[in-house]
There are 2 protein chains.
Amino acid sequence: MSTAAAGGTRARLLDAARELIEQDGYSAASVLQVAERAGVAAGTLYRHFESKEELFVEVFRDVCTGEERAMLAAGDALQAAGSRSAIACLEEVLATFARRALRNPRLAWALLAEPVDPLVDAERLAYRMRYTAYVAQSLRRAIADREIPGLDVEFTAAAVVGGCGAALVGPLAPSSGTPAPDAVVASLRAFVRRAVGAGLGGLTDAR
Amino acid sequence: MSTAAAGGTRARLLDAARELIEQDGYSAASVLQVAERAGVAAGTLYRHFESKEELFVEVFRDVCTGEERAMLAAGDALQAAGSRSAIACLEEVLATFARRALRNPRLAWALLAEPVDPLVDAERLAYRMRYTAYVAQSLRRAIADREIPGLDVEFTAAAVVGGCGAALVGPLAPSSGTPAPDAVVASLRAFVRRAVGAGLGGLTDAR
DNA sequence: GTACGCTGTGAATCACGATTCACACACCCG
DNA sequence: CGGGTGTGTGAATCGTGATTCACAGCGTAC
């Protein structure tokens, strides 16, 4: 398994798949299209992946992992900058999520809401659960620190994640006319604060 | 077009389609299955509907219209009972949405999140937009009445609708062990209040 | 009674994209 | 140099459901 030569084509296929999704969504990313864009024949794809689904599972995994890293990094950066507030941190993480989603709407839509094949859907669900778990953890910390009142952590986490996703792809699906990313991010921050029950006092530590 | 005789079979097909969705979701509702359950041959379906998609568009429309009616009725009832609070009203509407979704999880999942064919998806989107518009309207009223602070109405409406949907189908998809409908509804009410910025004071009028 | 139109039938057909496979080509190893 | 292995090709094949259509049955109009 000489990962050198094989890796080249493999990587090219992964890139082609991601690019197709970014441009026209999952539905436009057929095996033929991916192969063509990668500059190989359809059969070649099957030298490197068990099936179309496996290829896209890997694409999703890669992209979601990257997003996760970026989000967590934003949270950590804020913490490193001296913030002790779990909610401020969470807000920063979700704002990062939003900024990145707004920068790549089509990809965000594919990642969050577009119909995809079962295995890929499972991968998406797994990541959504990770995000939700992270939010839940933040909420628990915030409650312990008396930043926010007690609440149903699991429900709220799911609702916040779902709400942010829906509010971001909503403005995307109808492809409304460039609703000013900064304004959207600001609205999302405000929504998150309210949804988790953070009074204005919560800001003190954050900014 | 003798709607009498034709209506019988037509209605039977619509019922069969809905029942199949309720039992096993949209993916299990093939033309053959629907026809069999309705007690007719596959070809008969095409005597009454242009295509599979048209059939299911009608199913979705019927069900969603029914849900909408039930929700609005709950809101109106509260208002008729003397409540003057737009938020209490909205809360009641969404709680009704939740109660009904929890009673018929599979259907709710199909309506909210399951992959469906494009035309059906468009119908789903249209209804989601109606619900969102209703929420937005309620928020505007509440803001005008000083029930809640000013906020990005469009964003918040989308986020609340999306959040409620996600939090409800989340507990359903993995078919978690009966998480006590009443508790879920209570959590949802609390979430909605917080998300729209309704302080505890908002309750005064409601209950 | 017969012509006509509406329903119903279900096996055959079609569409469409994923998947396979017999056939190269290139490179390395002995 | 003769195998052997990894990689690439792309036309043919497959699978899955939706859709069609030639052939009834049946009621109504005339």
Side-chain angles (χ1 to χ4, degrees), chain A residues 1-21 23-60 110 114-123, chain B residues 1-21 23-60 110 114-123:
Chain A
M1 195 183 284
S2 71
T3 323
T9 301
R10 218 184 118 87
R12 211 132 28 79
L13 284 165
L14 287 167
D15 283 347
R18 184 176 40 68
E19 287 164 18
L20 279 172
I21 290 181
Q23 278 180 23
D24 301 310
Y26 188 82
S27 64
S30 69
V31 169
L32 275 335
Q33 287 284 299
V34 173
E36 182 179 0
R37 177 171 262 261
V40 298
T44 301
L45 192 151
Y46 291 88
R47 293 274 178 221
H48 300 278
F49 300 93
E50 279 294 311
S51 66
K52 180 197 175 180
E53 285 192 280
E54 298 246 330
L55 163 62
F56 280 96
V57 162
E58 197 158 327
V59 170
F60 267 55
E114 189 177 6
V116 296
D117 295 288
L119 250 48
V120 182
D121 202 50
E123 194 64 22
Chain B
M1 200 181 286
S2 69
T3 323
T9 300
R10 219 184 116 89
R12 212 131 27 80
L13 284 165
L14 286 167
D15 283 346
R18 185 176 41 67
E19 288 164 18
L20 278 172
I21 289 180
Q23 277 180 25
D24 301 309
Y26 188 80
S27 64
S30 69
V31 169
L32 276 333
Q33 287 283 298
V34 172
E36 181 179 358
R37 178 172 260 263
V40 299
T44 301
L45 192 151
Y46 291 87
R47 293 277 177 217
H48 300 278
F49 300 92
E50 279 295 311
S51 66
K52 181 198 175 180
E53 284 191 280
E54 298 246 330
L55 163 61
F56 280 94
V57 163
E58 196 159 328
V59 170
F60 267 56
E114 189 176 8
V116 296
D117 295 288
L119 251 48
V120 182
D121 202 50
E123 193 65 23

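For clarity, every value in this text was computed on a predicted model and none was experimentally measured. Residue numbers start from 1 in every chain, and the chains themselves are labelled A, B, ... in the order their sequence lines are given, proteins ahead of strands.
- Atom OH of A:Tyr46 is separated from atom P of D:dG8 by 15 Å (rounded to the nearest Å).
- For the pair A:Leu119 CG and C:dT19 P, the interatomic distance rounds to 11 Å; values are reported in whole Å.
- Contact check of residues 23-32 of chain A against DNA chain D (heavy atom, cut-off under 4.0 Å) returns no residues at all.
- Summarising the geometry, the separation between CZ on B:Arg47 and C1' on C:dT9 is reported as 9 Å, rounded to the nearest angstrom.
- A donor-acceptor contact shorter than 3.5 Å is absent between the side chain of A:Arg37 and the backbone of A:Ala16.
- In terms of the side-chain contact (heavy atoms from CB on, under 4.5 Å) criterion, residue partners of B:Tyr46 (sequence neighbours excluded) are, by chain and number, B:Val31.
- The salt bridge (Lys or Arg N to Asp or Glu O under 4.0 Å) search around B:Glu114 returns none, not counting sequence neighbours.
- Each of A:Glu53 and B:Gly39 lies near DNA chain C, and the nucleotide nearest B:Gly39 is the one positioned closer to the 5' end.
- Remark: B:Glu54 pairs with no residue by the salt bridge (Lys or Arg N to Asp or Glu O under 4.0 Å) rule, at least two apart or across chains.
- Residues meeting the salt bridge (Lys or Arg N to Asp or Glu O under 4.0 Å) test with B:Asp15, sequence neighbours left out: B:Arg18.
- One finds a salt bridge joining B:Glu58 and B:Arg10 here, because a Lys/Arg side-chain nitrogen approaches an Asp/Glu carboxylate oxygen to under 4.0 Å.
- One interatomic measurement links the two molecules: CG of A:Leu13 to P of D:dG8, which rounds to 8 Å at whole-angstrom precision.
- In this model, the phosphate group of D:dG8 is approached by a side-chain N or O of A:His48 to a distance below 4.0 Å at OP1 or OP2.
- Here the side chain of A:Glu123 pairs no donor or acceptor atom with the backbone of A:Phe60 at under 3.5 angstrom.
- Between A:Phe49 atom CZ and C:dT19 atom P there is a gap of 13 Å when expressed in whole angstrom units.
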Atom pairs, N/O to N/O, protein against nucleotides 10-15 of chain C, distance under 3.5 Å?
residue: C:dG10; atom: N7; partner: B:Gly43; partner atom: N; Å: 3.4

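- The NZ-C1' distance, from A:Lys52 to D:dG15, rounds to 15 Å in whole Å.
- Of the side-chain N and O atoms in B:Thr9, one or more sit less than 4.0 angstrom from OP1 or OP2 of C:dG8.
- At a threshold of 4.5 Å between non-hydrogen side-chain atoms, the residues A:Phe56 and A:Ile21 count as touching.
- Between the CG atom of A:Leu55 and the P atom of C:dG17 there is a distance of 17 Å, rounded to whole Å.
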